[in-house]
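Within every chain, numbering begins at 1; the chains are lettered A, B, ... in the order of the sequence lines, protein sequences first and strands thereafter.
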Amino acid sequence: MSGLFSPRAWNKIWIYRGTFLLGLLNTLKTALVALLLALALGIIFGLLATSGKKVLKAISRVYVEVIQNTPVLLQMCFLYYALAFSGHSPGIIVTGILALGIYTGAYMAEVIRAGIESVPKGQFEAAQSQGFGYVGQMYYIIIPQSIKVILPPMTNVIVNMIKNTSCLYIVGGADLLSLTYSFVTGENTGGSYAPAYIVCGAIFFIICFPLSTFASMWETSLKKREQKAFQSGAPKEA
Amino acid sequence: MAMIKLENVNKYFGDLHVLKDVNLEVSEGEKLVIIGPSGSGKSTTVRCMNFLEKPSSGHVYIDGQELTSKNKTKVVRDSTSMVFQQFNLYPHMTVLKNLTLAPTKLHHKSKKEAEELAYHYLDIVGLKDKADVYPTTLSGGQQQRIAIARALCSQSKIILFDEPTSALDPETIQEVLDVMIKLAKENITMVVVTHEMGFARQVADRVVFMADGQIIESGTPEHFFTNPESDRVKQFLGKIIR
Ligand SMILES: Nc1ncnc2c1ncn2[C@@H]1O[C@H](COP(=O)(O)OP(=O)(O)OP(=O)(O)O)[C@@H](O)[C@H]1O
Ligand SMILES: [Mg+2]
């Protein structure tokens, strides 16, 4: 077993740096495809949630609450074994993408719902009173106004999803954390526990920190701009 | 033929019976003013005319065609416009874009035609120089005049107004009323919910008084100001005409 400051341990990591890069690549690939799925689900369920139709709202609510109130690890195991037992296992990567996409989709749906609900009711009414149908109303009037409310928290959701690729570990994935784990427990490579996890964490940090910093700066500047707009000549409410 | 017809319209919000068997006809070019105390159902009545509220029962006819959930988008697009108490201009678009959006996206006008139309109506409301600014930089009165210009750009036969001056500073109310008085000279069918009795007196062909979800009395402005029948009306007018 090598200590944190053992040069041998760090050297081993350098030699096997390809493993970490491969893990990173797998993590990013999984995250990217899962993101597309999450976006699609988020848009669909976010729109259902704001449709004003009871049944559709309920469907969206059930999806969001079930997903947000059970562990993502459990969802992943469930999906993996459910698919495996049904006889057509699509493989770990696809399972991981599906599970992550479905999980993240619930958070996307909430972000999109909140964004749409942030637009005053009067905007929907003005659009309807002009004769815009649902699609036109969303496309020309509602989405352009909600997008700036949606994007910063959506970036945070994406950051979380990148971190959550590590859950693939439970079904034996090839993501960054899984490969790190194999590395430290491997017969030939084993031992460099602390340094390996530091490297793994550093890689996650390097990707996630800029994203979340960007998101929070964006959010702050939006709030400032809103305040300014409010102070300078916002219409008087009755 | 009536341009707008409400036939036995009822509206419930949950258990609350807000419109009780309302029957109302507005003929082409008529200027109808609706008055009445707060919560009497004036807004709901007007909003049933473009299905912003769907009646719980009864029928609404616009220009001879029954308004339904199915055809509302098309009928509203073709025949009605609305001016709201809170203006509801699109804040992410310039004034010009606010005015040309519906004509280009819904009424098959070219950009050039739509802009000509927009400048024409901006001129009518006296704000031609504001075409390129964003709505939030304007005063309430200016925003409402833009909203009226936007409604005009759809060139619909009917314009519905729901308390267009109630959110305005007193000093800007008149500039909006002046625009509406100007409009009233055209053959547009106007339905106006308002507390501005001077305006009602000057432009209304007919005034309708609502209370508790019902039309209590209907007649010319003269009738209302000289010898209203119902005590509710007398009481109401006594309160708002100081
Ligand atoms: N969306 C809604 N949900 C529940 N109740 C509503 C809704 N809209 C209106 N109401 C109720 O219906 C009644 C009539 O409202 P409406 O807005 O038509 O009145 P109004 O005559 O326009 O009043 P005001 O002069 O205050 O604008 C009120 O009691 C109001 O609280
Ligand atoms: Mg009202």
Side-chain angles (χ1 to χ4, degrees), chain A residues 47 50-58 112 114-152 218-219 221-238, chain B residues 43 46-47 49-53 71-93 97-99 101-107 133-144 147 150-151 153-154 156 158-160 162-163 165-169 172:
Chain A
L47 290 177
T50 52
S51 64
K53 303 254 182 333
K54 269 201 188 117
V55 183
L56 300 183
K57 277 166 85 167
I112 290 172
I116 291 175
E117 283 177 354
S118 75
V119 179
K121 209 166 127 250
Q123 294 291 309
F124 292 82
E125 293 186 346
Q128 280 162 32
S129 78
Q130 288 202 292
F132 281 100
Y134 181 74
V135 175
Q137 184 184 322
M138 284 294 160
Y139 184 79
Y140 295 114
I141 293 138
I142 306 304
I143 301 295
Q145 291 185 62
S146 49
I147 199 77
K148 59 183 202 293
V149 182
I150 289 176
L151 285 179
W218 198 353
E219 217 155 6
S221 86
L222 272 179
K223 276 200 191 110
K224 265 197 201 131
R225 219 179 312 160
E226 234 152 58
Q227 251 166 7
K228 240 177 166 176
F230 186 73
Q231 283 157 1
S232 70
K236 237 188 84 178
E237 302 277 317
Chain B
S43 296
V46 171
R47 290 158 61 87
M49 295 174 180
N50 62 0
F51 260 39
L52 281 183
E53 302 294 354
N71 70 13
K72 68 172 178 187
T73 302
K74 187 177 182 318
V75 172
V76 164
R77 174 187 303 170
D78 292 345
S79 306
T80 73
S81 295
M82 189 164 198
V83 175
F84 299 86
Q85 182 174 350
Q86 298 295 344
F87 332 131
N88 297 346
L89 292 170
Y90 305 132
H92 59 301
M93 296 175 183
K97 201 77 213 305
N98 263 277
L99 267 59
L101 186 70
T104 53
K105 306 301 177 196
L106 300 177
H107 302 295
V133 307
Y134 282 87
T136 42
T137 63
L138 300 173
S139 74
Q142 289 172 326
Q143 289 193 54
Q144 194 61 298
R150 180 175 71 176
C153 280
S154 290
S156 37
I158 299 167
I159 304 186
L160 310 170
D162 190 2
E163 302 206 27
T165 57
S166 297
L168 300 177
D169 291 331
T172 63

Visitor: Rounded to the nearest 0.5 Å, how far does CD of A/Q145 lie from CE of B/M93?
Guide: 8.0 Å

Visitor: Checking heavy atoms, do the side chain of B/L89, its backbone, both or neither come under 4.5 Å from chain A?
Guide: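 Only the backbone of B/L89 comes within 4.5 Å of chain A.
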
Visitor: Tell me, for B/S81 versus chain A, whether the close heavy atoms (under 4.5 Å) come from the side chain, the backbone, both or neither.
Guide: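 It is the backbone, since no side chain atom gets that close.
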
Visitor: With a sphere of 6.0 Å drawn around OH of A/Y134, does it hold more than 12 non-hydrogen atoms of other residues, nucleotides or ligands?
Guide: yes

Visitor: A/G133 and B/R77: which non-hydrogen atoms are nearest, and at how many Å?
Guide: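 The answer is N-NH2, 4.5 Å.
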
Visitor: Report which part of B/F84 has an atom under 4.5 Å of a heavy atom belonging to chain A: side chain, backbone, both, or neither.
Guide: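 Interface part for B/F84: side chain.
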
Visitor: With a 4.5 Å cut-off on heavy-atom pairs, point out which of B/R150, B/K72, B/H107 contacts chain A the most.
Guide: B/R150

Visitor: Side-chain contact, heavy-atom cut-off 4.5 Å: A/Q128 with B/V76?
Guide: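 Sidechains of B/V76 and A/Q128: no contact.
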
Visitor: What residue, out of B/L160, B/T73, B/L106, has the most heavy-atom pairs lying under 4.5 Å from chain A?
Guide: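 Greatest number of close heavy-atom pairs with chain A: B/L106.
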
Visitor: Roughly how far apart are A/S129 OG and B/I159 CD1, rounded to 0.5 Å?
Guide: 11.0 Å

Visitor: Do A/Q123 and B/P91 make a side-chain contact, defined as non-hydrogen atoms from C-beta onward lying under 4.5 Å apart?
Guide: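 When only atoms from C-beta onward are counted, B/P91 and A/Q123 do touch, with a gap below 4.5 Å.
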
Visitor: Within the distance-only criterion (no hydrogens, no angle test), does the side chain of B/H92 pair as donor or acceptor with the backbone N or O of A/Y140 below 3.5 angstrom?
Guide: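 Yes, because the side chain of B/H92 sits within donor-acceptor range (under 3.5 Å) of the backbone of A/Y140.
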
Visitor: For the interface with chain A, which of B/L101, B/N50, B/V83 has the highest count of heavy-atom pairs at distances below 4.5 Å?
Guide: B/L101

Visitor: Could you go through the side-chain contact (heavy atoms from CB on, under 4.5 Å) check for A/Q130 and B/M82 one step at a time?
Guide: CA-CA 8 Å; A/Q130 288 202 292; B/M82 189 164 198; over 6 Å; no

Visitor: Pull out the residues in residues 50-58 of chain A that come under 4.5 Å of chain B, heavy atom to heavy atom, sorted by number.
Guide: none

Visitor: What part of A/F132 gets within 4.5 angstrom of chain B, counting heavy atoms only: side chain, backbone, both, or neither?
Guide: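 Contact with chain B: backbone and side chain both.
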
